[in-house]
Structure formats: structure tokens, C-alpha cells
Engineer: 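Before anything else, here's the structure in question.
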Amino acid sequence: MPNLFAGQMDFVFFVYGLAFFLLGAACLTLRAEAFPRLPWGWLAAFAFSHGAADWLDLAVLTLGPGPALVAVKTAVMVSSFLFLLEFARRGLGRSGARGGLAWGVLSLVLFALVVVAGVRGGMPWVDVAARYLLALPAGLLAGVAIYRRIPSSRAGTRPWLVALAAVMMAYAVLAGAITPAADLLPARWPNQQNFLALTGIPIQVPRALAAVAMAIAMWVGSQVPGVRARNEEVPFHYALGLTAAMLVIVPGGWGFTDALADHALDDVAAGAGDQAHALARIVDQEMARASQAAQLLAGDDAVRELARNPGGLELEKANEVLDQVAIAFRLEAAYLLDTSGTVVASSNRNAPESFVAKNYAFRPYFRTAMDGRTGSQVALGVTSRRLGHYASMPVRGAHGQVGLVVALKSSLPPLAGIARQRGDLMLLTPRGVVLDATDPDSHLHSLWPLSEQEARALIDSRQLGPGPFPPLLPARPVEGQVVAWRGRDALFVSAPLALDGWSMAVLAPLAEARAHRLFGIGATLVLSLLAIGFYILLYGHESYELRLGALMAQLRDQAHTDPLTRLANRGWFEENFERELAKAERLNRPLALVMFDVDHFKAVNDRFGHQTGDRVLIALSARASQTLRNYDLLGRWGGEEFVALLPETDLAHATGIAERLREEIAALDLPGIGQVSCSFGVAERRDGEDPDGLLNRADAALYQAKDAGRNQVQSV
């Protein structure tokens, strides 16, 4: 599992921040009807600012922990937790004067404690303290605030509110209790590093999943049956579109980023490999030159004569030859050792660090030459304490046995003088001890840990100094491995030397690969923000259109409908009456008009009150609407008076309809009142008659019904 995230932490931080931007988008586009009375704007402020803080973490990871960048990141993160705390305060209903003051004092005290922690321990302590003192309580209280809204919410949304509250509390623990490692006592064990070691998953992954889960709960919870209004159904397809876009953009961006980084990594590896091999060739050539000089010196007559006849004159001649060879081949020293390993002649015989009379029998190059073979060794000088290459050759005596050993010490090209644009260069022994490096602090360290036996053997050999060779890396790297080197990622590349087991290593910085990854992540970030921005804009536009349409429909309803009875009002009835009368006149079709009012309605109002009178009108209107045909138009003419327009109906049929309507109304049993009755007047249009004429005749018939004793139908 850790391998899945190795080298991918920058993209993990990107996805982490993106998850909170999705949560913010869900808050901004949430239907208030689904989850009422919660301050979603403050939760959106938390989500967007926290996502920005996560992306600033990505910048710190990529560009390095600059003080200014870390300070800005920390400030944005602390602000996000304060926004979450404000969401919890308002969600719990603590917005009154007394409650607001108490919460303000509490927030100020907690923030002051975070500042004190920062003064004491710097930015790492601010991060930890803000999580313990702000994120943890704010997240838990936010979960409580959401949970308390469950009883007052619609039944369909309640399971989603439960899920939202539970995930919010889980996030509070993940964000507030599992902090970066710091010297602050609580952060020494329950921290992000230990969480990664225990689970193999960076803590940012479950936090991002929590943010996505909250967004899903909010989106889906507002779409359950019984929650959506009819005029709010369309915009949800934008949320589905955003989800589909994220499913394409994020994996695609991940692949694109990895492809760019792999290409850049190949370039870094090729460049570092070229440099390592070039340096290895230079060192090999220097060692080969010293070996050739040793071979020439071993064949010199004066040296061979000294091997046969050790003594005064031959020693002087040999010293002269050693001087000439040291100058010609630019050697640090050229010297001769007897069979006991003691130096008998040397080009540095007059120098303070003279080798003469020193015994080097422990040197591998001496033992190899005594065995009759050419010796080659890189080691620290016992006398000079300087790194050098030692080349040796046996010199045969009079009877063919080894009489002397020729040894030449040459200086290797100092790596500290080589340009560092390709990273840290180092000369490694077979066991990984650094004998030379562009960084002097690496000298005589081991690149990877040595066992006790290996370290003791090296110390006892006296070839590399007294030890203890502390390691620079936690484990031995393999060729092409990315390792953490001095706080940054670096690529390990090596080239072998001709000297068996020795190598030239390069730890190349991955700034170029990081730049390519940053470009890929940046492109993915821009596409993601565009998708989220389009979602919010499109959702807002369509929601506005829907609200505008609903408002227009409401205004039309108010313009055409009587507010009490929900029947057509007088203006709308007159408009339709004129149109239907003109149509009937043009087509020569019958059209009837019925006018009726409630008998003794003033007495009802006087005895039972106007509210009871309103209930009578409402009940009467409902029964009349049920009795008339679908294409008939029923309206309230004024007060307790009503009018019905009956298209395609002659006087006889209209009178029958009015009679049935009278019976239905008379049969109504109104609670607390009993029965009421209505009087009806019916008239049929005549050719060439205008609307007023037909209305006047129906009204006259209505008065005839009243004069005749009420609760009856009269027609003209």
C-alpha cells in the first residue's frame, strides 16, 4: 500500500484540496428546502479556505518550506477552522447577544492559545495547536449542530443528515487529533507519520474521502422523493455532470502528471548517469596513469640496483629517480618500501610529512606487491590524512625474489571543485563509505548503514580512518531509486570504477521532474476549478431561471385568481367572458351565464364572524368547482356573489346545471353553521348582445329568484 503513494504525495495534496472545493460547491448549491436552518455559507467558507490551505501544502512540498509560504499556509488553515467554528455556533443557535458574546470570547481565547503555542514552538506548534484547539472542537460541534436539525427536517433527508453529521465528526477526529509530528506532547504519538506507518495510507486520503462523502450526502439528500419541488428538479443534472467531469479530469490529470514526471525523470537519470560515467573515466584514467608510472619506476636501473644491493650510493640514485618521477607524473609522493613494509626512499623525504622510515606493511597495495602482483588502492593517507590513489609494483632482487616495493601516491580530482548542477557527487568504497564528495559534510560517512562487523573491520583496517562512519541514508539504495536526500527527493545513479567494487555515485535533485509534475498538477487544477466554476454558474443560472419562472407563475396566479376562494377573479373572468362571447357570436354557438350568491350571508357574518363567513365561501367554491364541467369557468364576482360561464350550453341545459349546483350547495353541512342556500339567475346569449347585456339579464334573473323566496333558480 505505501508504494501506491510513494512519489505521489503532491497529487495526494491536490486531490485533498479538490475534495474540499467540491464540498464548498455542494454547500453553495444546496437547496435550503432540503436542509433548512443551517448556515451553509459558513461551511462553504471553511471548505474553500481549507482546500486552499491544502494546495498551499502542495506548494510547500514542491517548492520547499520557505518561511513566508509556510506562514501563509498556516494562516489560511487556521482561518478555515475559525469558519468551521462559526458554522457550528450559528448551527447551534448561539447567535443571540449573550450567546454570541460567549462564543466570541471562547474563540478569542482558543485563538490566543494557538498564538502562544506559535511563539513557544514556531509554525509546527501553531499547526498542531490549531488542530487540537480549533479543528477538533469545531468539527465535533458542527456534527452536533447538523444532528440537532434532524427532527425539524423532512423525513426523506433525515438519513442523509445523520450520515453528514457522522462524517463531519469523523473528519474532526482525522483533522484535529492526528496532527503533524511535533515536540508538543500530544503530537508525539498520534501523528501523521505514525498513521502512515501503521496503515500505509497518508492521513490526507481519509480526510479527502470524508469531504467527498459530505458533498455526496448533501447533493443526494436534497434529491430524495418528497424533498424536491417541481420547479427544482432540473439543476441536479449539473451535479451529475460535475461528478462525471471529475471522474475524467482527476484520473486523466494523474496519468498526464506521471507521464510528464517519468519523462523528466528519464532526462535526470540520463544526465546524472553521463556525469557519473564521465567522472569515473577521469578517475580510472588517473589511476591507470599512476599504475603506468609505477611500472616504469619498477623497471628503472637505479631502483633495480637498489633492490639487489641496498646501500648508500644506490639509495641516492634511487631518490633522484623518485624525484624525477614525482615531478613528471605530478604525484603526491613516489617511494620505495623494503620487504618489511618500511619506506627506505621517498620523493618527500625532506618534507614534514616524509614517508621515510614509516612502516606501511598493513596497506593492501604493499601486500599485493609482495605477492608479485600490481597493486591499486584508494585510501586515506595515514601520515598526510589526505585521500589518494596508491599504485604499487614489485621490484625483483638478484635471485628473482621481491626485494623492494615501488609505491606511488597520486591525488584524485577533488569532487568539491566540480559544478553541482547535477547534484551531490561522491566516491564510494565497496561498502558504501564516502571518501570524497562535492559536499564536504558527507566525507567519511557511509551512504547506507553498516553492520557492527563491517564497521569494526573498516576501523581495524586503518584504510579509511577511525570511523564510526554514520549513515546518510536509512537503507542501501538501488540504481535509479528516488530517495529522500537532505530534505528533498533525489535520484540515485552510479557508475563503476575500474577498481573492483568502487563506484562514482550521483544523488541528482529532482527539481526538473518536480517542475514537470507541478505543471501537470497545475493543468489538472485549472481544469478542475473551471469545471467547479461552470457547475456553480450553470446551477445558479438555472436556479435563477426556475425561481424567476415560479415568481412569474405566482404573479400570474395572483393576477388571475381570487386569493380567498382560489377561483378566477373578476378581471380574469371578464377577460375570458368577452373572448368566449365573441367566439360564440362568430361561430353562432350557444353560451350561457349563471350568477348566484349566498342567501342571508350578512346574517352569517354578523352571527358567526367574518372568518366563519370566509370558510363558507371557501367550502361553497370548492363544491361548485367539483360540480361544474372541466371547460366551464367559475369566478368570484364580488363579496358573496359568484358567476359561471357555460360554453356550448343553451338555456335549458344551463338551468339544469344551475339546479344541480343549487342542490349540491344546499346539501353542504358546514361545521358550526349547518346548511346555507344560494339563489341563481341564468341567461343565454342573444345574437348581437354585448357582455353587459348578458350580465344584466343574468343579474335580473338572480333578483327574481331572491324576490321569489331565495334558494331557487330563475332564467330569462
Engineer: To the nearest 0.5 Å, how far apart are CD in Q193 and CG in N191?
Structural biologist: 5.0 Å

Engineer: Quick one, H50 with V76, criterion side-chain contact (heavy atoms from CB on, under 4.5 Å). Give me CA distance, side-chain angles, the key distance, then yes/no.
Structural biologist: CA-CA 7 Å; H50 198 68; V76 175; over 6 Å; no

Engineer: Indicate the atoms forming the closest heavy-atom contact of L136 with A172, along with that distance.
Structural biologist: CD1-O, 3.4 Å

Engineer: Is a side-chain donor or acceptor of R131 paired with a backbone partner of T179 at a separation under 3.5 angstrom?
Structural biologist: no

Engineer: Output the distance between atom CZ (R517) and atom CG (L61), rounded to the nearest 0.5 Å.
Structural biologist: 9.5 Å

Engineer: Looking at every heavy atom in both P202 and M9, which two are closest together, and how far apart are they?
Structural biologist: CG-SD, 3.5 Å

Engineer: Sub-3.5 Å donor-acceptor pair from the side chain of T157 to the main-chain atoms of G221, do we have one?
Structural biologist: no

Engineer: I'd like to know whether the aromatic ring centres of Y535 and W219 sit less than 6.0 Å apart in this structure.
Structural biologist: yes

Engineer: Start with the C-alpha distance between L427 and M504, add both sets of side-chain angles, then the distance that settles side-chain contact (heavy atoms from CB on, under 4.5 Å), and finish with yes or no.
Structural biologist: CA-CA 5 Å; L427 178 65; M504 188 66 65; 3.9 Å; yes

Engineer: Nearest 0.5 Å please: distance from the OG atom of S79 over to the CG atom of L84.
Structural biologist: 12.5 Å

Engineer: Is there side-chain contact between L428 and M426, with heavy atoms separated by less than 4.5 Å?
Structural biologist: yes

Engineer: List the atom of P477, the atom of L473, and the distance in Å for their closest heavy-atom pair.
Structural biologist: CG-CD1, 3.9 Å

Engineer: Given side-chain contact (heavy atoms from CB on, under 4.5 Å), test L242 with F534 step by step and report yes or no.
Structural biologist: CA-CA 9 Å; L242 178 62; F534 274 122; over 6 Å; no

Engineer: Check whether any side-chain heavy atom of L491 sits under 4.5 Å from a side-chain heavy atom of L507, and report yes or no.
Structural biologist: no

Engineer: So how far is it from L196 CG to Q192 CD, rounded to the nearest 0.5 Å?
Structural biologist: 9.5 Å

Engineer: Report yes or no: does H445 contribute a side-chain atom to a donor-acceptor pair with the main-chain N or O of H443 at less than 3.5 Å?
Structural biologist: yes

Engineer: Would a distance-only check, ignoring hydrogens and angles, find a side-chain to backbone donor-acceptor pair under 3.5 Å from R149 to G91?
Structural biologist: yes

Engineer: Relative to the ring of W42, is the ring of F83 parallel (under 30°), tilted (30 to 60°) or perpendicular (over 60°)?
Structural biologist: tilted

Engineer: So, does S503 use its side chain to make a donor-acceptor pair with the main chain of A505 at under 3.5 Å?
Structural biologist: no

Engineer: Between P430 and W448, what is the shortest heavy-atom contact and its length?
Structural biologist: O-CZ2, 4.3 Å

Engineer: Do F195 and P206 come within less than 4.5 Å of each other through their side chains, counting heavy atoms only?
Structural biologist: yes

Engineer: Can you tell me if H263 uses its side chain to pair, donor with acceptor, with the backbone of A259 under 3.5 Å?
Structural biologist: no

Engineer: Applying ring pair (Phe, Tyr, Trp, His ring centres under 6.0 Å), run through Y132 and F81 and close with a yes or a no.
Structural biologist: CA-CA 11 Å; Y132 281 125; F81 295 147; over 10 Å; no

Engineer: Between the main-chain N or O of L497 and the side-chain N or O of D284, is there a donor-acceptor pair closer than 3.5 Å?
Structural biologist: no

Engineer: Taking only residues two or more places apart in sequence, or in another chain, which ones meet D57 in a salt bridge (charged side-chain N to carboxylate O under 4.0 Å, His left out)?
Structural biologist: K73

Engineer: Determine whether V506 and D424 make a side-chain contact, defined as any pair of heavy atoms from C-beta on separated by less than 4.5 Å.
Structural biologist: no

Engineer: Rounded to the nearest 0.5 Å, how far apart are CZ of F519 and OG1 of T257?
Structural biologist: 9.5 Å

Engineer: Show your reasoning for whether salt bridge (charged side-chain N to carboxylate O under 4.0 Å, His left out) applies to R207 and D54.
Structural biologist: CA-CA 11 Å; R207 289 177 186 169; D54 299 330; over 6 Å; no

Engineer: Tell me if the CZ atom of R120 is crowded by more than 12 foreign heavy atoms within 6.0 Å.
Structural biologist: no

Engineer: Please find the pair of heavy atoms, one from P39 and one from R90, that lie closest to each other, and give the distance.
Structural biologist: CG-CB, 3.5 Å

Engineer: Assess the residue pair W485 and D489 against the criterion (side chain to side chain donor-acceptor pair (under 3.5 Å)); give the C-alpha distance rounded to whole Å, side-chain angles, the decisive distance to 0.1 Å, and a yes or no.
Structural biologist: CA-CA 6 Å; W485 177 249; D489 286 344; over 6 Å; no

Engineer: Show your working on side-chain contact (heavy atoms from CB on, under 4.5 Å) between L18 and M246 and close with a plain yes or no.
Structural biologist: CA-CA 10 Å; L18 180 61; M246 290 298 103; 3.9 Å; yes

Engineer: So, do L518 and D10 sit near enough that their side-chain heavy atoms are less than 4.5 Å apart?
Structural biologist: no

Engineer: Which heavy atom of A142 sits nearest a heavy atom of A88, and at what distance?
Structural biologist: N-CB, 3.6 Å

Engineer: Roughly how far apart are M218 CE and L28 CG, rounded to 0.5 Å?
Structural biologist: 9.0 Å

Engineer: Any heavy-atom pair between the side chains of V283 and W502 that's under 4.5 Å?
Structural biologist: no

Engineer: Considering only heavy atoms from C-beta outward, does the side chain of V433 approach that of L450 to under 4.5 Å?
Structural biologist: yes

Engineer: Partners of F48 by ring pair (Phe, Tyr, Trp, His ring centres under 6.0 Å), sequence neighbours excluded?
Structural biologist: F21

Engineer: Table please: side-chain donor-acceptor pairs of residues 523-532 below 3.5 Å, with sequence neighbours left out.
Structural biologist:
| unit_1 | atom_1 | unit_2 | atom_2 | d |
| --- | --- | --- | --- | --- |
| T524 | OG1 | G520 | O | 2.8 |
| S528 | OG | T524 | O | 2.8 |

Engineer: I'd like to check D439 versus R486 (side-chain heavy atoms, cut-off strictly below 4.5 Å). Are they in contact?
Structural biologist: yes

Engineer: For atom OH of Y147, decide whether the heavy atoms of other residues, nucleotides or ligands shown that lie under 6.0 angstrom number more than 12.
Structural biologist: no

Engineer: Under 30°, 30 to 60°, or over 60°: which ring-plane class applies to Y16 and F13, parallel, tilted or perpendicular?
Structural biologist: tilted

Engineer: Ignoring hydrogens and angles, tell me if any N or O in the side chain of S446 forms a donor-acceptor pair with the backbone of F469 under 3.5 Å.
Structural biologist: yes

Engineer: Do the side chain of Q275 and the main chain of A272 share a donor and acceptor less than 3.5 angstrom apart?
Structural biologist: no

